[in-house]
Structures are given as structure tokens and as C-alpha cells.
Student: 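First the structure, then my questions, so here it is.
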Protein chains: 2
Amino acid sequence: MTADLTRNQNLVMKTLSGAEGPLSAYTILDRLRDDGLRAPLQVYRALDKLLEMGLVHRLESLNAFVACAHPHCHEQELIAFAICDGCGKVEEFSDDVVKERLDGWATSHRFRAAKTTIEIRGDCGGCTDRS
Amino acid sequence: MTADLTRNQNLVMKTLSGAEGPLSAYTILDRLRDDGLRAPLQVYRALDKLLEMGLVHRLESLNAFVACAHPHCHEQELIAFAICDGCGKVEEFSDDVVKERLDGWATSHRFRAAKTTIEIRGDCGGCTDRS
DNA sequence: CAATTGATGTAATGTCATAACATATAATGC
DNA sequence: GCATTATATGTTATGACATTACATCAATTG
Ligand SMILES: [Zn+2]
Ligand SMILES: [Zn+2]
Ligand SMILES: [Zn+2]
Ligand SMILES: [Zn+2]
């Protein structure tokens, strides 16, 4: 797996894949100090490529990054995230009706959408139970 | 209008209302230097209150703030933003079907949503014409 | 009037991201 | 082979966004 990635891309990818939730670029950097990474740009450059490839998502409301949960079918676009503020876990899902509605709005307003962000912040069931 | 706001809140609100598009907190600060504001915190504190009151929205994908376009009905609606990367203009809209679908997902996954972000980045009709 | 609450002022710090420049490596075309 | 181009990398410095900590001031309240 991930055989076509460069060294730094591979390091960042493995860090995100092994993480329990989203990580900031600087947290990724800290976890890769022992592997020789020294500067933020090394992480950001790798993240840029991984984002292009669809292997990683950026969570705008968190300024953090997460490994894609469904790396196979990342072509359907319009991915939504449910982010638990309690435990930090992220659920990734998509909804064709939501996509249809937003596409419809864009079309009727002559807006050419390039990227759509949908992020739901709140508490997951487990965290609601515990609180 | 905005009679119940404090001095700093009023300054920030007027700056955002008079702006052609979203502004960062530091840009707001720069525009209020002559009014006596000196530190970022003065702006951020005002913004926090304005966000609470629903007079201002934060655009997560931009790290910027914009005056609410419909300050009357900012109640239970799910607000979406279309942000033009060309001219910076922001359109604010809501869609009950989108809200239903996301609420449905949350309910079926026992996720208690606190705040939902929907932001569409792209190009508006005018900018598409010009390019 | 003492106590509480909320707003303000200021300095310092923390967190996230990119610019600019140098070097290295790999593929491409002649 | 060898110049050309493209891509990846390493490093330093800087820019952009946001909060912590502490002090002060004014309005409210019991
Ligand atoms: Zn994904
Ligand atoms: Zn949780
Ligand atoms: Zn609004
Ligand atoms: Zn535009």
C-alpha cells in the first residue's frame, strides 16, 4: 500500500492512518522528529500531495488533517464530517440528496463550485452517554 | 440600530457591515486603529459577542468574519455560504432539505449536533464571465 | 457600600501556514 | 552522455490567526 508515495508523504500518511483522530500539521511534525523531519514545510508539502490524491482530508473548522476513511471511492465528492468535540473522533459520510440540493443552488445562482465543506461539530453517542 | 452594543462591538459591527466581503480579525483591527483599538483581543472579544448574537458569521475555510446578511431570521436555520474565490463576495442561504438530511444522519448515528458548517468555495457568475 | 459581573486595555505567547532560497534526484529529449 | 525540465527535499525566516494572563474600570445588585 501507498507504494507510490515519497518518503515524507509515506511518513505523514502512516502517522495519520495510525492516529485515533485528526492531527494538526505541527502534531504530525512532532511525531516524525525521530524520522528526521525538522520543519513544518516538510509536513505541509506532503499533506498537499496527499490531499490532491484524496488520501487525506482537511477539517476546516479544526485546522487539522485526517486520513480518508474510504480511500477507494473518493471520487463521489461532497464529503461531510461529523466531528465529536468530546473525544475528537470523526465520522465521514456523504449524502446524494445534500449534494443535489447544493448543486441545485449553485446552478441556479451561476456559482461554479470548486470545493464544498460540510462539518458538523457536536458530541457523539458515546460522549453524550458519559456526560 | 445596534443600540445595545458596547463601543468595541459597535466599531467591529460597523466595520463588517460596511465591508464588501469577509474580513479577518487583524484586518478589522487595522481599520479601527484610528478609533483607538490596539490589540487583537479587543477585536476577538467583540467578535465573540457578535457571533453569539447572530449578527456575524465566521467562515471557517477563510478564517474570516462576515456580517450576517439576514439578521432577522438567524434562528434555527442551517446557514450555508457560497464564497467566491475570485471577488471574495459571500452569499448566504439556507436549505430545509439539506438541514433535514443532516439532522437525519445525526439522529440515526446518535450524534448531537451543536454547530454545522457548510461552505462552498468557487467562482460566482460575474467572475466566471470575466475569466 | 461591598460584592459581583461584564467590558476594557496591554503584553506576551501560542498555533497555524507560507515565502524564499538552496540542493538533490529523476525523468526527458537531443 | 549531457543539457533540460520537473519534482522532491532541506532550512531559515517570516507572516497570519488566536489565546493566556493579568490589571483596570464601570455598572449592577443585594
Ligand atoms: Zn474520505
Ligand atoms: Zn465522542
Ligand atoms: Zn446570517
Ligand atoms: Zn466573484
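In what follows, chains are A, B, ... by sequence order, proteins preceding strands, each numbered from 1. Scope of the values below: all heavy atoms of this structure, side chains included, with no hydrogens, waters or symmetry mates. A quick note: this is a predicted structure, and the numbers were derived from the prediction, not measured.
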Student: Within the structure shown, what part of the strands sits under 4.0 Å from A:Arg7 by heavy-atom distance: base, sugar-phosphate, or nothing?
Tutor: sugar-phosphate

Student: Would you say B:Asn63 reaches D:dA16's phosphate, i.e. side-chain N/O to OP1/OP2 under 4.0 Å?
Tutor: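 No, because none of the side-chain N or O atoms of B:Asn63 sits under 4.0 Å from OP1 or OP2 of D:dA16.
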
Student: Closer to the 5' end of DNA chain C via nearest nucleotide, is it B:Gln9 or B:Pro40?
Tutor: B:Gln9

Student: Would you check, one step at a time, whether the test side-chain contact (heavy atoms from CB on, under 4.5 Å) holds for B:Val12 with B:Thr15?
Tutor: CA-CA 5 Å; B:Val12 170; B:Thr15 304; 5.6 Å; no

Student: Strictly below 4.0 Å: does A:Gln42 bring a side-chain N or O up to OP1 or OP2 of D:dG10?
Tutor: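 Yes, within the criterion.
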
Student: Ring pair (Phe, Tyr, Trp, His ring centres under 6.0 Å): which pairs involve residues 109-131 of chain A, sequence neighbours left out?
Tutor: A:Trp105-A:His109

Student: On DNA chain D, compare the nucleotides closest to B:Arg45 and B:Phe65; which residue's is nearer the 5' end?
Tutor: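 Whichever sits nearer the 5' end wins; that is B:Phe65.
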
Student: Quick check: does any side chain N or O of B:Glu77 sit under 3.5 Å from a backbone N or O of B:Ser94, one acting as donor and the other as acceptor?
Tutor: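 Here the side-chain-to-backbone pair does not exist.
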
Student: Check for me, please, whether B:Val97 and A:Val98 land in the same ILVMFWY cluster - side-chain distances under 4.5 Å, paths through other members count.
Tutor: no

Student: Counting only heavy atoms not in B:Arg112 (residues, nucleotides, ligands), do more than 12 fall under 6.0 Å from its CZ?
Tutor: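 It does not: B:Arg112 CZ has 12 such atoms or fewer within range.
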
Student: Under 4.0 Å from a heavy atom of chain A: give me the 5'-most and 3'-most nucleotides of DNA chain C that qualify.
Tutor: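 So the contact region on DNA chain C extends C:dC16 to C:dA20.
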
Student: Output the distance between atom OG (B:Ser61) and atom CG (B:Asp85), rounded to the nearest 0.5 Å.
Tutor: 8.0 Å

Student: Among pairs that include at least one residue of residues 122-131 of chain A, which meet side chain to side chain donor-acceptor pair (under 3.5 Å), considering only residues two or more places apart or in two chains?
Tutor: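 For residues 122-131 of chain A, and leaving out neighbouring residues, the side chain to side chain donor-acceptor pair (under 3.5 Å) pairs sorted by first residue read A:Asp129-B:Arg110.
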
Student: Between D:dT7 atom P and A:Leu5 atom CG, what is the distance in whole Å?
Tutor: 16 Å

Student: Ignoring hydrogens and angles, state whether a donor on the side chain of A:Thr117 or A:Glu60 is under 3.5 Å from an acceptor on the partner side chain.
Tutor: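 Side-chain D/A pair, A:Thr117 to A:Glu60: absent.
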
Student: Atom CZ in B:Phe81, atom CZ in B:Arg58: separation rounded to 0.5 Å?
Tutor: 11.5 Å

Student: Within this structure, what is the CZ-to-P distance between A:Arg38 and D:dT11, rounded to whole angstrom?
Tutor: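 About 7 Å, once rounded to whole Å.
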
Student: Counting only non-hydrogen atoms, which of residues 23-32 of chain B are less than 4.0 Å from DNA chain C?
Tutor: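 Per residue number, the list is empty: none.
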
Student: Atom NE2 in B:His57, atom CG in B:Leu16: separation rounded to 0.5 Å?
Tutor: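 Rounded to the nearest 0.5 Å, the NE2-CG separation comes out at 11.0 Å.
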
Student: Taking OH from A:Tyr44 and C1' from D:dT11, how many angstroms apart are they, rounded to a whole number?
Tutor: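 Whole-Å distance recorded here is 17 Å.
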
Student: Take the C1' atoms of the five end pairs on each side of the helix from C:dC1-D:dG30 to C:dC30-D:dG1, get both axes, and report the angle to 10 degrees.
Tutor: 30°

Student: Output every pair passing ring pair (Phe, Tyr, Trp, His ring centres under 6.0 Å) with a member in residues 17-55 of chain A, not counting sequence neighbours, ordered by first then second residue.
Tutor: none

Student: Provide, to the nearest angstrom, the distance between the CG atom belonging to B:Leu41 and the P atom belonging to D:dC22.
Tutor: 14 Å

